[in-house]
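Quick notes on the structure that follows.
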Amino acid sequence: MNPRIIFRSIAIIEAVTWLGLIVGMIFKYGPADEEIGVTIFGPIHGVAFIIYVIAVVALFRRFRWGVWTTALALVAAVPPFCTVIFDAWAERTGRLDTAPAEQVPAG
């Protein structure tokens, strides 16, 4: 499978689990005072977070990322939805391109 698609899928899953966790926290600390959302989405988000971090570490060489891009990818896992923002930025700037640059023959 394409590493771009794998990374994008993991980034989206991590963001969706953030949404579930936020909704769960609204129910837990809001007027409903119900913990089931956090009980369900807390562990799911934790696993998604760990998988995202593992994916970044596993794919930084494949995508030829430098230290700063890799650090930015890792930091993007902390604030809500930033994995998707990082993915869009990385796509736009060519950081998710795994093909070697085409060489133009001289002459």
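Computation of the quantities below employed the complete heavy-atom set of this structure, encompassing side-chain atoms and omitting hydrogens, waters and symmetry-equivalent molecules. The shown structure was predicted, so the numbers you read here are calculated from the model rather than taken from an experiment.
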Ring-ring centroid check F86 W65, cutoff 6.0 Å | yes

CD1-CG distance between I6 and L59, expressed to the nearest 0.5 angstrom = 7.0 Å

Out of curiosity, R8 CZ to I5 CD1, how far, rounded to the nearest 0.5 Å?
-> 8.0 Å

Cluster check I13, I85: I/L/V/M/F/W/Y, side chain < 4.5 angstrom | no

Apply side chain to side chain contact (heavy atoms under 4.5 Å, CB included) to E14 and F81, showing your working.
-> CA-CA 8 Å; E14 199 274 344; F81 316 116; over 6 Å; no

Residue pair T70 / G66: nearest heavy atoms and the distance that separates them | OG1-O, 2.8 Å

Around atom CZ of F27, are there more than 12 heavy atoms of other residues, nucleotides or ligands at under 6.0 Å?
-> no

Considering non-hydrogen atoms only, spot the tightest contact between T83 and A77 and give its length.
-> CG2-CA, 3.7 Å

I44-I36 co-clustered via ILVMFWY side chain contacts under 4.5 Å | yes

Nearest non-hydrogen partners of R4 and F63, listed with the distance = N-CZ, 4.0 Å

Transitively linked via ILVMFWY side-chain contacts under 4.5 Å: L21 with L19?
-> yes

CD1/I54 to CD1/I10 distance, rounded to the nearest 0.5 angstrom?
-> 9.0 Å

What distance separates I50 CD1 from H45 NE2, expressed to the nearest 0.5 Å?
-> 10.0 Å

Using the rule that two of Ile, Leu, Val, Met, Phe, Trp, Tyr join whenever any of their side-chain heavy atoms come within less than 4.5 Å, decide whether V16 and I26 are in one cluster.
-> no

Side chain to side chain contact (heavy atoms under 4.5 Å, CB included) assessment of Y52 paired with L74 | CA-CA 8 Å; Y52 177 83; L74 292 171; 5.6 Å; no

Which heavy atom in P80 sits nearest to a heavy atom in I22, and how many Å separate them?
-> CB-CD1, 4.0 Å

One should read off an interatomic distance between I51 CD1 and S9 OG, to the nearest 0.5 angstrom, of 12.0 Å

Atom of A15, atom of V84 and distance for their closest heavy-atom approach = CB-CG2, 3.5 Å

Does F7 reach the side chain of V56, with side-chain heavy atoms less than 4.5 Å apart?
-> yes

Same apolar cluster: V23 and M25, side chain cutoff 4.5 Å | yes

Reported CG-to-CZ distance for the pair D87 and R92, which is rounded to 0.5 angstrom = 10.5 Å

Closest non-hydrogen atom pair, C82 against A76 | CB-O, 3.2 Å

